[in-house]
Amino acid sequence: MTKKSICYSLGAVAAALAAVQIARAEPTPLEVRALLHKDFHAKGQATMSRVDQDDVQWLCTVTHNKPSAKRVKEMEIDQLAAIVYPADGKYMGDWKKGAKIAASGAGMTWKDKPGSPGGGGCYNCHQLAPSQPSFGTIGPSLAHFAEKRGNTLEAQKYVYGKIYNSKAFNLCSEMPRFGTSGSLSEEQIKDLTAYVLDPASPVNQ
(Lines give C-alpha, C1' and ligand atoms only; values in the text may rest on other atoms or scores of the structure.)
Protein backbone atom coordinates (compact mmCIF):
# COMPACT_ATOMS: atom_id res chain seq x y z
CA MET A 1 0.00 0.00 0.00
CA THR A 2 1.42 3.39 -0.96
CA LYS A 3 1.82 6.33 1.36
CA LYS A 4 -0.86 8.15 -0.62
CA SER A 5 -3.41 5.33 -0.29
CA ILE A 6 -2.66 5.01 3.43
CA CYS A 7 -3.46 8.71 3.86
CA TYR A 8 -6.69 8.26 1.90
CA SER A 9 -7.63 5.28 4.06
CA LEU A 10 -6.91 7.14 7.27
CA GLY A 11 -8.89 10.08 5.99
CA ALA A 12 -11.85 7.82 5.21
CA VAL A 13 -11.69 6.30 8.69
CA ALA A 14 -11.55 9.76 10.27
CA ALA A 15 -14.53 10.90 8.21
CA ALA A 16 -16.47 7.80 9.20
CA LEU A 17 -15.69 8.34 12.88
CA ALA A 18 -16.70 11.98 12.59
CA ALA A 19 -19.98 10.93 10.99
CA VAL A 20 -20.66 8.49 13.84
CA GLN A 21 -19.86 11.21 16.36
CA ILE A 22 -22.27 13.61 14.67
CA ALA A 23 -24.94 10.89 14.50
CA ARG A 24 -24.54 10.27 18.21
CA ALA A 25 -24.62 13.96 19.14
CA GLU A 26 -27.56 14.73 21.39
CA PRO A 27 -30.08 17.15 19.85
CA THR A 28 -30.50 20.45 21.61
CA PRO A 29 -33.78 21.21 23.42
CA LEU A 30 -34.61 23.75 20.70
CA GLU A 31 -34.06 21.13 17.99
CA VAL A 32 -36.34 18.71 19.85
CA ARG A 33 -39.00 21.41 20.18
CA ALA A 34 -38.80 22.22 16.47
CA LEU A 35 -39.16 18.52 15.59
CA LEU A 36 -42.18 18.13 17.85
CA HIS A 37 -43.85 21.15 16.25
CA LYS A 38 -43.11 19.69 12.84
CA ASP A 39 -44.43 16.19 13.52
CA PHE A 40 -47.36 16.87 15.88
CA HIS A 41 -50.59 18.51 14.82
CA ALA A 42 -53.37 20.07 16.85
CA LYS A 43 -56.66 18.21 16.86
CA GLY A 44 -59.64 18.97 19.06
CA GLN A 45 -58.59 19.69 22.61
CA ALA A 46 -55.12 18.22 21.96
CA THR A 47 -53.45 21.52 21.10
CA MET A 48 -49.82 22.28 20.30
CA SER A 49 -49.38 23.81 23.74
CA ARG A 50 -48.88 20.23 24.95
CA VAL A 51 -45.45 20.03 23.35
CA ASP A 52 -44.27 23.36 24.75
CA GLN A 53 -42.41 23.43 28.05
CA ASP A 54 -42.94 25.91 30.85
CA ASP A 55 -40.03 27.41 32.80
CA VAL A 56 -39.75 24.44 35.17
CA GLN A 57 -39.75 21.81 32.44
CA TRP A 58 -37.30 23.81 30.33
CA LEU A 59 -34.87 24.26 33.22
CA CYS A 60 -34.91 20.54 33.99
CA THR A 61 -34.39 19.71 30.32
CA VAL A 62 -31.42 21.99 29.69
CA THR A 63 -29.71 20.98 32.94
CA HIS A 64 -30.44 17.24 32.49
CA ASN A 65 -32.51 17.34 35.70
CA LYS A 66 -29.65 18.87 37.66
CA PRO A 67 -30.37 22.59 38.14
CA SER A 68 -28.53 24.50 40.84
CA ALA A 69 -29.74 24.01 44.42
CA LYS A 70 -30.54 27.73 44.62
CA ARG A 71 -32.73 27.63 41.51
CA VAL A 72 -34.45 24.44 42.69
CA LYS A 73 -35.36 26.03 46.01
CA GLU A 74 -36.69 29.20 44.35
CA MET A 75 -38.83 27.37 41.84
CA GLU A 76 -40.16 24.78 44.28
CA ILE A 77 -41.37 27.64 46.49
CA ASP A 78 -43.19 29.10 43.49
CA GLN A 79 -44.71 25.73 42.58
CA LEU A 80 -45.85 25.15 46.17
CA ALA A 81 -47.53 28.55 46.26
CA ALA A 82 -49.47 27.62 43.11
CA ILE A 83 -51.17 24.60 44.73
CA VAL A 84 -54.86 25.27 45.39
CA TYR A 85 -55.87 23.29 48.46
CA PRO A 86 -59.55 22.48 49.15
CA ALA A 87 -61.38 25.40 50.73
CA ASP A 88 -63.16 23.03 53.13
CA GLY A 89 -59.83 21.82 54.55
CA LYS A 90 -60.68 18.20 53.70
CA TYR A 91 -58.13 16.32 51.61
CA MET A 92 -59.65 12.85 51.39
CA GLY A 93 -62.65 11.67 49.44
CA ASP A 94 -63.87 8.19 48.46
CA TRP A 95 -61.08 5.63 48.09
CA LYS A 96 -63.29 3.38 45.94
CA LYS A 97 -63.63 6.16 43.38
CA GLY A 98 -59.91 6.82 43.77
CA ALA A 99 -59.13 3.21 42.86
CA LYS A 100 -60.98 3.62 39.56
CA ILE A 101 -59.20 6.89 38.81
CA ALA A 102 -55.81 5.34 39.57
CA ALA A 103 -56.55 2.43 37.23
CA SER A 104 -57.76 4.63 34.38
CA GLY A 105 -55.52 6.27 31.80
CA ALA A 106 -58.37 7.91 29.92
CA GLY A 107 -58.87 11.57 29.26
CA MET A 108 -57.69 14.73 27.52
CA THR A 109 -57.10 13.16 24.10
CA TRP A 110 -58.59 14.62 20.92
CA LYS A 111 -61.23 11.89 21.02
CA ASP A 112 -62.46 12.88 24.48
CA LYS A 113 -65.11 15.49 25.05
CA PRO A 114 -63.52 18.60 26.61
CA GLY A 115 -64.24 18.70 30.34
CA SER A 116 -65.00 14.99 30.61
CA PRO A 117 -63.43 13.26 33.65
CA GLY A 118 -59.98 11.80 33.07
CA GLY A 119 -57.96 9.15 34.84
CA GLY A 120 -54.71 9.27 36.74
CA GLY A 121 -53.02 6.27 35.16
CA CYS A 122 -51.11 5.88 38.44
CA TYR A 123 -50.38 2.19 37.78
CA ASN A 124 -48.09 3.22 34.91
CA CYS A 125 -45.47 4.41 37.40
CA HIS A 126 -46.38 3.05 40.85
CA GLN A 127 -47.27 -0.13 42.61
CA LEU A 128 -50.49 0.63 44.45
CA ALA A 129 -52.32 -2.29 46.07
CA PRO A 130 -49.93 -5.11 47.05
CA SER A 131 -52.19 -7.49 45.12
CA GLN A 132 -51.82 -5.48 41.92
CA PRO A 133 -50.54 -7.87 39.21
CA SER A 134 -48.82 -5.32 36.98
CA PHE A 135 -47.36 -1.86 37.53
CA GLY A 136 -44.63 0.53 36.46
CA THR A 137 -41.50 1.28 38.43
CA ILE A 138 -40.66 4.85 37.42
CA GLY A 139 -42.12 6.00 40.73
CA PRO A 140 -41.79 4.43 44.18
CA SER A 141 -44.13 1.73 45.44
CA LEU A 142 -47.11 3.17 47.31
CA ALA A 143 -48.11 -0.15 48.86
CA HIS A 144 -48.86 0.23 52.60
CA PHE A 145 -48.24 3.97 52.25
CA ALA A 146 -50.41 4.88 55.26
CA GLU A 147 -48.45 2.47 57.45
CA LYS A 148 -45.21 4.17 56.46
CA ARG A 149 -46.31 7.80 56.47
CA GLY A 150 -49.34 7.81 58.75
CA ASN A 151 -52.82 9.14 58.06
CA THR A 152 -52.55 12.50 59.82
CA LEU A 153 -53.98 15.71 58.41
CA GLU A 154 -50.43 16.71 57.55
CA ALA A 155 -49.92 13.47 55.59
CA GLN A 156 -53.22 13.99 53.77
CA LYS A 157 -52.24 17.54 52.80
CA TYR A 158 -48.87 16.29 51.55
CA VAL A 159 -50.38 13.57 49.35
CA TYR A 160 -53.03 15.96 48.00
CA GLY A 161 -50.35 18.53 47.20
CA LYS A 162 -48.05 15.95 45.64
CA ILE A 163 -50.79 14.80 43.27
CA TYR A 164 -51.81 18.38 42.52
CA ASN A 165 -48.27 19.53 41.72
CA SER A 166 -45.41 17.08 42.19
CA LYS A 167 -42.83 19.66 41.16
CA ALA A 168 -43.46 21.63 44.34
CA PHE A 169 -41.74 18.80 46.22
CA ASN A 170 -39.25 17.57 43.60
CA LEU A 171 -38.67 20.12 40.86
CA CYS A 172 -37.59 17.70 38.14
CA SER A 173 -40.02 14.94 39.08
CA GLU A 174 -41.40 12.98 36.14
CA MET A 175 -44.80 12.80 37.82
CA PRO A 176 -47.51 14.84 36.04
CA ARG A 177 -48.96 17.92 37.73
CA PHE A 178 -52.55 16.71 37.75
CA GLY A 179 -54.08 19.74 39.45
CA THR A 180 -51.96 22.42 37.82
CA SER A 181 -52.67 21.01 34.37
CA GLY A 182 -56.37 20.58 35.06
CA SER A 183 -56.09 16.86 34.29
CA LEU A 184 -57.93 15.98 37.50
CA SER A 185 -60.52 17.89 39.49
CA GLU A 186 -60.33 18.69 43.19
CA GLU A 187 -62.78 15.89 43.92
CA GLN A 188 -60.73 13.39 41.92
CA ILE A 189 -57.52 14.37 43.72
CA LYS A 190 -59.33 13.94 47.05
CA ASP A 191 -60.43 10.47 45.96
CA LEU A 192 -56.88 9.52 44.96
CA THR A 193 -55.57 10.83 48.28
CA ALA A 194 -58.07 8.58 50.04
CA TYR A 195 -57.02 5.63 47.90
CA VAL A 196 -53.42 6.12 49.03
CA LEU A 197 -54.12 6.85 52.70
CA ASP A 198 -57.43 5.35 53.80
CA PRO A 199 -56.77 2.31 56.06
CA ALA A 200 -59.63 0.48 54.30
CA SER A 201 -58.09 0.99 50.86
CA PRO A 202 -56.48 -2.02 49.15
CA VAL A 203 -53.26 0.03 49.05
CA ASN A 204 -52.99 -0.42 52.81
CA GLN A 205 -54.08 -4.04 53.10
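The residues of the chain are indexed from 1 along the displayed sequence. These numbers come from the heavy atoms of this one structure, side chains and all, not from hydrogens, waters or symmetry mates.
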(request) Any chance you could measure Thr180, atom OG1, to Tyr164, atom OH, to the nearest 0.5 Å? (result) 5.5 Å
(message) Before you tell me yes or no, could you show the steps for Val51 and Met48 under side-chain contact (heavy atoms from CB on, under 4.5 Å), namely the whole-Å CA-CA distance, both residues' side-chain angles and the distance that decides it to 0.1 Å?
(response) CA-CA 6 Å; Val51 301; Met48 293 305 293; 4.0 Å; yes
(request) List the atom of Leu192, the atom of Gly98, and the distance in Å for their closest heavy-atom pair. (result) CD2-O, 3.4 Å
(message) Just verifying a value: how many Å separate Gln127 CD and Cys122 SG, rounded to the nearest 0.5 Å?
(response) 13.5 Å
(request) Keeping the roles fixed (side chain from Gln132, backbone from Leu128), state whether a donor-acceptor pair exists under 3.5 Å. (result) yes
(message) Between Asp78 and Lys73, does any NZ, NE, NH1 or NH2 come within less than 4.0 Å of an OD or OE carboxylate oxygen?
(response) no
(message) Is there a continuous path of hydrophobic side-chain contacts, each under 4.5 Å between heavy atoms, that joins Val84 to Ile189?
(response) yes
(message) Tell me whether Leu30 shares a hydrophobic cluster with Val62, the cluster being built from Ile, Leu, Val, Met, Phe, Trp, Tyr side chains joined at under 4.5 Å.
(response) yes
(message) I need the single residue from Asn151, Val196, Val159 that forms a side chain to side chain contact (heavy atoms under 4.5 Å, CB included) with Met92. Which is it?
(response) Asn151
(message) Using every non-hydrogen atom in the two residues, find where His37 and Asp52 come nearest and quote the distance to one decimal.
(response) NE2-OD1, 2.7 Å
(message) Does this structure show an ion pair linking Asp54 with Arg177, if we count only N-O contacts that are shorter than 4.0 Å?
(response) yes
(message) Can you confirm if the aromatic rings of Tyr158 and Tyr91 lie within a centre distance of less than 6.0 Å?
(response) no
(message) Students often mix this up, so state it plainly: with edges at 30° and 60°, are the rings of Tyr195 and Trp95 parallel, tilted or perpendicular?
(response) parallel
(request) Using the rule that two of Ile, Leu, Val, Met, Phe, Trp, Tyr join whenever any of their side-chain heavy atoms come within less than 4.5 Å, decide whether Leu153 and Tyr160 are in one cluster. (result) yes
(request) Check the side chains of Asp112 and Thr109 for a donor-acceptor pair under 3.5 angstrom, ignoring hydrogens and angles. (result) yes
(request) For Gln53 and Thr61, test the side chains for any donor-to-acceptor distance below 3.5 angstrom and give the result as yes or no. (result) yes
(message) Can you tell whether the side chains of Glu154 and Lys157 come within less than 4.0 Å, N to carboxylate O?
(response) no
(message) Evaluate Lys190 against Asp88 for salt bridge (Lys or Arg N to Asp or Glu O under 4.0 Å), listing each step before the verdict.
(response) CA-CA 12 Å; Lys190 282 185 174 184; Asp88 61 6; 2.8 Å; yes
